[in-house]
Amino acid sequence: MKIILSSAALSAMLSVILGAFAAHGLKSRLSEALLNTFQTGVQYQMYHSLALILVVLLYRQMPHSILLYSAGFMFAGIVLFSGSLYLLALTQIKWFGPITPLGGICFIIGWALLTIAALKGAN
């Protein structure tokens, strides 16, 4: 859990850095559409970094192994979803676009596993 928590905190910090970079460094270099694409990656990275922290806290209350899988899928979602949006916005290589939905599927699976863990741990 220490690795997940430290990775989540690092990811949240990175999303703040990338958001500031987009707002100040990319605003004049990217079209509005590409800037929005980049910012979507930042938002989802932050949401799921916070979700990973939630998973760690929940694991301390109900240590179900399914929460580890939930965290793994959420982390994979951050890399695939947000990462592909960053690369698409910065390089404008359309090939990165089809990777984004795979990250979205990872997010969905991560949340579904969190739901299952919560139902199994409910009193």
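Nothing here was measured: the structure is a model prediction, and the numbers come from that model.
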Chemist: Mind checking what makes side-chain contact (heavy atoms from CB on, under 4.5 Å) contact with Thr91, not counting sequence neighbours?
Modeler: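 Checked Thr91 against side-chain contact (heavy atoms from CB on, under 4.5 Å); matches are Ile93, Phe96.
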Chemist: Which residues pass the side-chain contact (heavy atoms from CB on, under 4.5 Å) test with Leu26, not counting sequence neighbours?
Modeler: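 Expected list: Phe21, Ala22, Leu30, Leu35, Phe38, Leu90.
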Chemist: Got a sec: does the OH of Tyr86 have more than 12 other heavy atoms crowding it under 6.0 Å?
Modeler: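 Above 12, so yes.
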Chemist: Following the transitive rule for hydrophobic clusters with a side-chain heavy-atom cut-off under 4.5 Å over Ile, Leu, Val, Met, Phe, Trp and Tyr, establish whether Met62 and Tyr69 coincide in one cluster.
Modeler: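 Result: no, two separate clusters.
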Chemist: Give, for atom CG of Leu85 and atom CG of Leu18, the distance between the pair rounded to the nearest 0.5 Å.
Modeler: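 If I round to the nearest 0.5 Å, the distance is 12.0 Å.
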Chemist: Return the set of residues passing side-chain contact (heavy atoms from CB on, under 4.5 Å) with Ala12 (not counting sequence neighbours), or none when no residue passes.
Modeler: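 Ala12 satisfies side-chain contact (heavy atoms from CB on, under 4.5 Å) with Met46, Ser49 once adjacent residues are dropped.
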Chemist: Among the clusters formed by ILVMFWY side chains lying less than 4.5 Å apart, do Tyr59 and Ile66 turn up in the same one?
Modeler: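 No, Tyr59 and Ile66 fall in different hydrophobic clusters.
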Chemist: Taking the six-membered ring for Trp, are the ring centroids of Phe107 and His48 within less than 6.0 Å of each other?
Modeler: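 Under 6.0 Å, so yes.
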Chemist: With clusters defined by side-chain heavy atoms of hydrophobic residues (ILVMFWY) lying less than 4.5 Å apart, directly or transitively, does Leu52 cluster with Met13?
Modeler: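 No, because Met13 and Leu52 fall into different hydrophobic clusters, even though each may have its own neighbours under 4.5 Å.
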Chemist: Flag yes if Ile116 and Leu58 sit in one hydrophobic cluster, no otherwise; membership is Ile, Leu, Val, Met, Phe, Trp, Tyr, and two members link when side-chain heavy atoms are under 4.5 Å apart.
Modeler: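 No.
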Chemist: Which atoms form the tightest heavy-atom contact between Arg29 and Gly25, and what is the distance?
Modeler: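 Heavy atoms of Arg29 and Gly25 come nearest at CD-O, 3.6 Å.
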Chemist: If I take atom CD from residue Glu32 and atom OG1 from residue Thr37, how far apart are they, to the nearest 0.5 angstrom?
Modeler: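 Atom-to-atom, Glu32:CD and Thr37:OG1 are 10.5 Å apart.
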Chemist: Who passes side-chain contact (heavy atoms from CB on, under 4.5 Å) against Phe73, sequence neighbours left out?
Modeler: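 Applying side-chain contact (heavy atoms from CB on, under 4.5 Å) to Phe73 gives Cys106, Ile109, Leu113.
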Chemist: Tell me which one of Leu50, Ile78, Val16 satisfies side-chain contact (heavy atoms from CB on, under 4.5 Å) with Gln45.
Modeler: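 Of Leu50, Ile78, Val16, side-chain contact (heavy atoms from CB on, under 4.5 Å) with Gln45 is met by Ile78 alone.
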Chemist: Can you tell me how far CG of Leu88 sits from NZ of Lys94, rounded to the nearest 0.5 angstrom?
Modeler: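 It is 6.0 Å, given to the nearest 0.5 Å.
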Chemist: Just how far is it from atom CD1 of Ile53 to atom CG of Leu57, taken to the nearest 0.5 Å?
Modeler: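 It comes to 8.0 Å.
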Chemist: Who are the side-chain hydrogen bond (donor to acceptor under 3.5 Å, both in side chains) partners of Ser84, not counting sequence neighbours?
Modeler: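 Ser84 satisfies side-chain hydrogen bond (donor to acceptor under 3.5 Å, both in side chains) with Thr100 only.
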Chemist: Taking a hydrophobic cluster as the set of Ile, Leu, Val, Met, Phe, Trp and Tyr residues connected by side-chain heavy atoms closer than 4.5 Å, whether directly or through intermediates, do Ile105 and Ile99 fall within one such cluster?
Modeler: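 Shared cluster, no.
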Chemist: Does Val42 offer a backbone N or O that forms a donor-acceptor pair with the side chain of Ser82 under 3.5 Å?
Modeler: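 The answer is no, because no donor-acceptor pair under 3.5 Å joins these two groups.
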Chemist: Enter the distance from Ile3:CD1 to Leu10:CG here, rounded to the nearest 0.5 Å.
Modeler: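 Output value for this atom pair is 13.0 Å.
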Chemist: Which distance, rounded to the nearest 0.5 Å, do you find between the CD1 of Ile4 and the CE of Met74?
Modeler: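 Taking CD1 in Ile4 and CE in Met74, the distance rounds to 11.0 Å.
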Chemist: My understanding is that only residues two or more places apart in sequence, or in another chain, count here; which of them pass ring-ring contact (aromatic ring centres under 6.0 Å, His included) with Tyr47?
Modeler: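 Scan of Tyr47 (ring-ring contact (aromatic ring centres under 6.0 Å, His included), adjacent residues dropped) gives Tyr44.
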